[in-house]
Amino acid sequence: MQTLSTNNLKKLYKSDYLAWYEMTLEQIKNDQLNDLDLDSLSEVLENLVRDTKRSGESYLRQIIIHLLLIEYWEAESINRRHWAAEIVNFRNELETDSSFSLSPHFREFIG
């Protein structure tokens with residue numbers, strides 16, 4: 001894969017982020033760290049952190065909603081098994097997607 005200047009990498013990031021991802025990955029694998037587009041890489045990592053936190057928050061929110069539905073919505077008791085299954089699914093997804101480093105964020109989110 002060809003090497004691009006940092007300015008060309010910045011342009012590539014704006015026009016074709018997938019190609020930029022592939023080029024950046026190749027640079028990292030080939031230990032071409034001085035050639036990295038660090039501004040765009042920083043932006044990508046910030047977005048990844050934000051999206052990971054939002055995803056975890058969403059799963060937690062859904063777990064809480066379904067627990068409240070089970071506990072307090074008596075008129076729809078027929079759906080209790082479905083809601084319980086959803087809680088299991090949300091917990092599994094949360095466990096799969098999260099790491100221990102998200103625990104403090106979750107405590108802050110809930111707290």
Side-chain angles (χ1 to χ4, degrees):
M1 193 173 265
Q2 71 182 35
T3 15
L4 297 175
S5 71
T6 302
N7 284 339
N8 287 336
L9 278 170
K10 288 180 188 293
K11 289 178 186 174
L12 182 62
Y13 177 71
K14 299 291 184 198
S15 65
D16 186 350
Y17 67 90
L18 182 57
W20 179 88
Y21 284 153
E22 290 172 337
M23 179 69 72
T24 301
L25 182 59
E26 279 300 311
Q27 288 175 321
I28 292 169
K29 285 181 177 181
N30 294 327
D31 203 24
Q32 297 170 318
L33 305 181
N34 291 332
D35 299 331
L36 289 173
D37 171 12
L38 292 177
D39 292 335
S40 300
L41 183 57
S42 176
E43 183 179 320
V44 167
L45 292 173
E46 286 173 355
N47 290 339
L48 179 63
V49 169
R50 182 197 66 229
D51 292 347
T52 301
K53 287 179 178 180
R54 282 184 182 166
S55 174
E57 290 169 6
S58 177
Y59 288 127
L60 283 176
R61 190 177 295 112
Q62 290 300 319
I63 290 168
I64 292 167
I65 289 169
H66 282 71
L67 285 169
L68 290 170
L69 286 170
I70 287 172
E71 186 66 27
Y72 294 108
W73 198 4
E74 294 174 11
E76 290 288 330
S77 63
I78 197 165
N79 289 319
R80 290 176 67 101
R81 286 176 37 184
H82 170 73
W83 294 332
E86 288 291 299
I87 291 169
V88 170
N89 289 334
F90 293 135
R91 284 181 174 167
N92 289 339
E93 290 297 323
L94 184 60
E95 185 176 305
T96 299
D97 288 355
S98 66
S99 67
F100 289 111
S101 62
L102 281 174
S103 294
H105 174 73
F106 292 156
R107 282 192 290 279
E108 183 178 306
F109 173 73
I110 293 173

Apply side-chain contact (heavy atoms from CB on, under 4.5 Å) to the pair Asn92 and Val88, showing each step before the final yes or no. CA-CA 6 Å; Asn92 289 339; Val88 170; 3.7 Å; yes
Check: Leu48 main-chain N/O paired with Thr52 side-chain donor or acceptor under 3.5 Å: yes
Close side-chain approach of Asp37 and Leu41, heavy atoms under 4.5 Å: no
Joint hydrophobic cluster, Leu67 plus Leu60, side-chain heavy atoms closer than 4.5 Å: yes
Heavy atoms, side chains only, cut-off 4.5 Å: are Thr24 and Val44 in contact? no
CD/Glu95 to CZ/Arg91 distance, rounded to the nearest 0.5 angstrom? 10.5 Å
Find out if a path of hydrophobic residues (ILVMFWY) with successive side-chain heavy-atom gaps under 4.5 Å connects Leu38 to Leu33. yes
Would you give the length of the straight line joining atom OH of Tyr13 to atom CE of Met23, rounded to the nearest 0.5 angstrom? 15.5 Å
Is a side-chain N or O of Glu93 found less than 3.5 angstrom from the main chain of Tyr59, in a donor-acceptor match? no
Do Leu68 and Phe90 share a hydrophobic cluster (ILVMFWY, side-chain heavy atoms under 4.5 Å, transitive)? no
Nearest heavy-atom approach of Ile70 to Ala84 is CD1-N, 3.7 Å
Run the numbers on Leu25 and Lys29 for side-chain contact (heavy atoms from CB on, under 4.5 Å), then give the verdict. CA-CA 6 Å; Leu25 182 59; Lys29 285 181 177 181; 3.9 Å; yes
Nearest 0.5 Å, please: how far is OG in Ser42 from CG in Leu36? 12.0 Å
Linked, directly or transitively: Val49 and Leu94 (ILVMFWY side chains, under 4.5 Å): no
Just verifying a value: how many Å separate Leu12 CG and Asn7 CG, rounded to the nearest 0.5 Å? 12.5 Å
Rounded to the nearest 0.5 Å, what separates atom NE2 in His66 from atom CH2 in Trp73? 10.5 Å
Following the transitive rule for hydrophobic clusters with a side-chain heavy-atom cut-off under 4.5 Å over Ile, Leu, Val, Met, Phe, Trp and Tyr, establish whether Ile64 and Ile87 coincide in one cluster. no
Quick one: closest heavy-atom pair of Gln32 and Glu26, and the distance? OE1-O, 4.3 Å
Check whether more than 12 heavy atoms from other residues, nucleotides or ligands sit under 6.0 Å from atom CG of Asn34, and answer yes or no. no
Taking all heavy atoms of Lys10 and all of Asp39, pick out the closest pair and write down the distance. NZ-OD2, 2.7 Å
